[in-house]
Structure formats: structure tokens, C-alpha cells
Amino acid sequence: MVKVKICGLSDPDMVGLAAREGADWIGFVFAPSARQITPAAAATLLLQVRQATPVALLVDPDDALVKTIAELGFPVLQLHGSETPARVAEIKKMTGREVWKAVGMTSPCDLVRAATYEAVDRLLIDAPAPAGVDQAGGNGEVFDWTLLEEWSSPVPWMLAGGLTPSNVVDAIAATGASAVDVSTGVERRRGLKDAEKVRDFIRAAKSA
């Protein structure tokens, strides 16, 4: 069965709903964004994750932030900035946590680049940020799924980028993804998740 990550949650009730509906991972953003939360807020939100695994999304974090988030008990750190393979390896060694790396897809060269992250536990294959947008990820953009044809990932991977309840089944069929990530596609407006869309996305993905 396809695994699902609902990302960018900041409301305890929505965290609880996503967990009850069967989300495998719930993502919390610790970087500039309409979805950003503080470490203090995370302590409360983590009480609602139930069986789901919490994931901390970080963008080019310094050591102090990495250590703060690890000390909160996050088992997974998702790096969504310009972190180098060496920096990813350093963070993994520093924390002992599972580390994911997001890679934006524009050409086959990006798949070659993804393979250089030898220390990661999972790759998140995403759409690049649109021109003029500084925010890494969560932009609701779809990339060309044909770039993943015949690609064999060296590690587990997850598909992201513009996924919605209405296109996630097609995305899984086109790419063979065994895990999917959504943020914008289940929002009522920027930063505010919609319960019905969250529920529909999880059910659609898991039925694929």
C-alpha cells in the first residue's frame, strides 16, 4: 500500500485528523513559510501524531536548530534547502536521526545529483520552486513525471510536487511511487489545511 505524508500542519486538530485517517508521516515546517511553526508549538502538536511518524522540515539549518529539533524527539529530519551531500551526512552523524533530502526535478541531471546524497535514508523528489519564489517546497507545482521513467532510486523515495486528491492516483501510476507527500494540494487557502481534502487525499493514495 502507498504511504502518505501530510506536510505543513500547524493545528492540533488537523494533526489528529490526519493521523486518524491513516497518514504514515506528518510534516512540520521549521522554515520561513505560511506553515512555519516554532519548536515550542511543536511540543504540543507532537502529542496528536498517534501512530504516524513526525517529520521536521528544515531549510539549510544551522547546528543549533538541528540540535533543538532533534532534542524535541523528531525521528526524521527532512532537508529541503541547498544542503550538500557532505552537510547531509554531517547532520545525520550529529543527530543519529533518519535524514531525508528533497531534490527538485527539472532534467535527468537532477536524478544524477540525487544519487550523490549517499547518506540519506530517503529522497523526496519534488518540483523546483518557481522563478522568483524563495520558499523551498510547498509551492503546488507539478514537474514532468516522465523524468522518472526507468529511474531506479538507490534509496527509498517519495513523490511530491503539486499532488492533489484528484491527481495522486495518476501520479502514482505514472511514476511507480510507493510514497507521496502533499501540502498545498490539501489546503483551503495558503497554510490552512482542509479536512475533507486531507481525508480524500489519503484515501485516494492508499487505494492506488
Side-chain angles (χ1 to χ4, degrees), residues 3-19 23-50 52-104 117 119-130 133-141 157-158 160-161 163 179-187 189-193 198:
K3 291 188 174 184
V4 176
K5 174 170 169 274
I6 306 295
C7 196
L9 275 68
S10 57
D11 174 76
D13 291 338
M14 193 60 68
V15 173
L17 180 141
D24 298 279
W25 300 282
I26 295 176
F28 301 95
V29 178
F30 296 93
S33 164
R35 310 172 184 102
Q36 183 176 11
I37 64 168
T38 63
T44 299
L45 295 168
L46 286 172
L47 297 175
Q48 305 299 322
V49 298
R50 302 187 179 211
T53 299
V55 178
L57 189 154
L58 306 168
V59 177
D60 297 311
D62 59 21
D63 287 356
L65 179 57
V66 168
K67 291 175 181 177
T68 295
I69 298 305
E71 288 169 1
L72 284 171
F74 278 92
V76 181
L77 307 179
Q78 177 182 320
L79 303 176
H80 222 298
S82 58
E83 301 89 0
T84 65
R87 178 58 174 161
V88 171
E90 182 180 35
I91 289 173
K92 184 173 176 63
K93 182 178 181 180
M94 182 193 315
T95 63
R97 298 297 195 268
E98 185 172 327
V99 176
W100 300 357
K101 179 68 181 89
V103 178
Y117 288 93
V120 297
D121 296 281
R122 184 180 294 271
L123 291 166
L124 189 140
I125 304 302
D126 199 0
V133 175
D134 293 330
Q135 180 175 297
N139 293 298
E141 298 289 322
W157 68 283
M158 176 180 295
L163 300 180
V180 291
D181 177 54
V182 67
S183 184
T184 304
V186 292
E187 290 183 339
R189 67 171 186 270
R190 193 76 167 175
L192 180 64
K193 297 293 186 283
V198 169

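All residue numbers in this chain count up from 1 along the given sequence.
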I'd like to check Phe28 versus Val49 (side-chain heavy atoms, cut-off strictly below 4.5 Å). Are they in contact?
yes
Residues passing the salt bridge (Lys or Arg N to Asp or Glu O under 4.0 Å) test with Arg97, sequence neighbours excluded, are none
Next on the checklist: Less than 4.5 Å apart, side chain to side chain, heavy atoms only: is that true for Leu192 and Glu187?
Outcome noted: no
When rounded to the nearest 0.5 Å, the distance separating CE of Met158 from CG of Leu163 is 10.5 Å
Residues Ala119 and Lys92: closest non-hydrogen pair is O-CD, 3.1 Å
Minimal heavy-atom distance between Cys7 and Ser183, with the atoms involved, is O-OG, 3.2 Å
Heavy-atom closest pair (Pro61 atom, Val66 atom, distance to 0.1 Å) is CG-CG2, 3.6 Å
For Leu45 and Val15, the nearest pair of non-hydrogen atoms, with its separation, is O-CG1, 3.8 Å
Q) Less than 4.5 Å apart, any side-chain heavy atom of Ile91 and any of Val88? A) no
Within-4.5 Å side-chain heavy-atom neighbours: Trp25 and Gln78:
no
Rounding to 0.5 Å, atoms CD1 (Ile69) and CD (Glu71) come to a distance of 9.5 Å
Measuring only between side-chain heavy atoms, which start at C-beta, is Gln36 closer than 4.5 Å to Ser10? no
Nearest heavy-atom contact between Pro75 and Thr53 is CG-CG2, 3.6 Å
Across all chains, not counting sequence neighbours, the salt bridge (Lys or Arg N to Asp or Glu O under 4.0 Å) partners of Asp63 are Arg87
In short, salt bridge (charged side-chain N to carboxylate O under 4.0 Å, His left out) pairs touching residues 73-84 with sequence neighbours left out are Glu83-Lys101
In terms of heavy-atom contacts, Arg190 and Ala34 come closest through CG-CB, 3.8 Å
CA sep, side-chain torsions, deciding dist, call: Val29, His80, side chain to side chain contact (heavy atoms under 4.5 Å, CB included): CA-CA 10 Å; Val29 178; His80 222 298; over 6 Å; no
Applying side chain to side chain donor-acceptor pair (under 3.5 Å) to Trp100 and not counting sequence neighbours gives Glu98
With sequence neighbours left out, the residues meeting ring-ring contact (aromatic ring centres under 6.0 Å, His included) with Phe30 are Phe74
Asp60 meets the salt bridge (Lys or Arg N to Asp or Glu O under 4.0 Å) criterion, sequence neighbours left out, with none
### Message
When you compare the side chain of Pro54 with that of Val76, does any pair of heavy atoms fall below 4.5 Å?
### Response
no
Contacts of Ala86 meeting side chain to side chain contact (heavy atoms under 4.5 Å, CB included) (sequence neighbours excluded), chain-then-number -> Thr84
Kindly determine whether Thr184 and Arg35 satisfy side chain to side chain donor-acceptor pair (under 3.5 Å), including the steps that lead there. CA-CA 10 Å; Thr184 304; Arg35 310 172 184 102; 3.0 Å; yes
With sequence neighbours left out, the residues meeting salt bridge (Lys or Arg N to Asp or Glu O under 4.0 Å) with Lys3 are none
Residue set satisfying side chain to side chain contact (heavy atoms under 4.5 Å, CB included) with Leu47, at least two apart, ordered chain then number -> none
With sequence neighbours left out, the residues meeting side chain to side chain contact (heavy atoms under 4.5 Å, CB included) with Ala160 are Leu124, Asp126, Asp181
In short, salt bridge (charged side-chain N to carboxylate O under 4.0 Å, His left out) pairs touching residues 23-32 with sequence neighbours left out are Asp24-Lys206
Per side-chain contact (heavy atoms from CB on, under 4.5 Å), Val198 is matched among Leu17, Val4, Leu9, Val182 by Leu17
Residues passing the side chain to side chain donor-acceptor pair (under 3.5 Å) test with Asp13, sequence neighbours excluded, are none
d(Leu58 CG, Leu79 CG) to nearest 0.5 Å is 6.0 Å
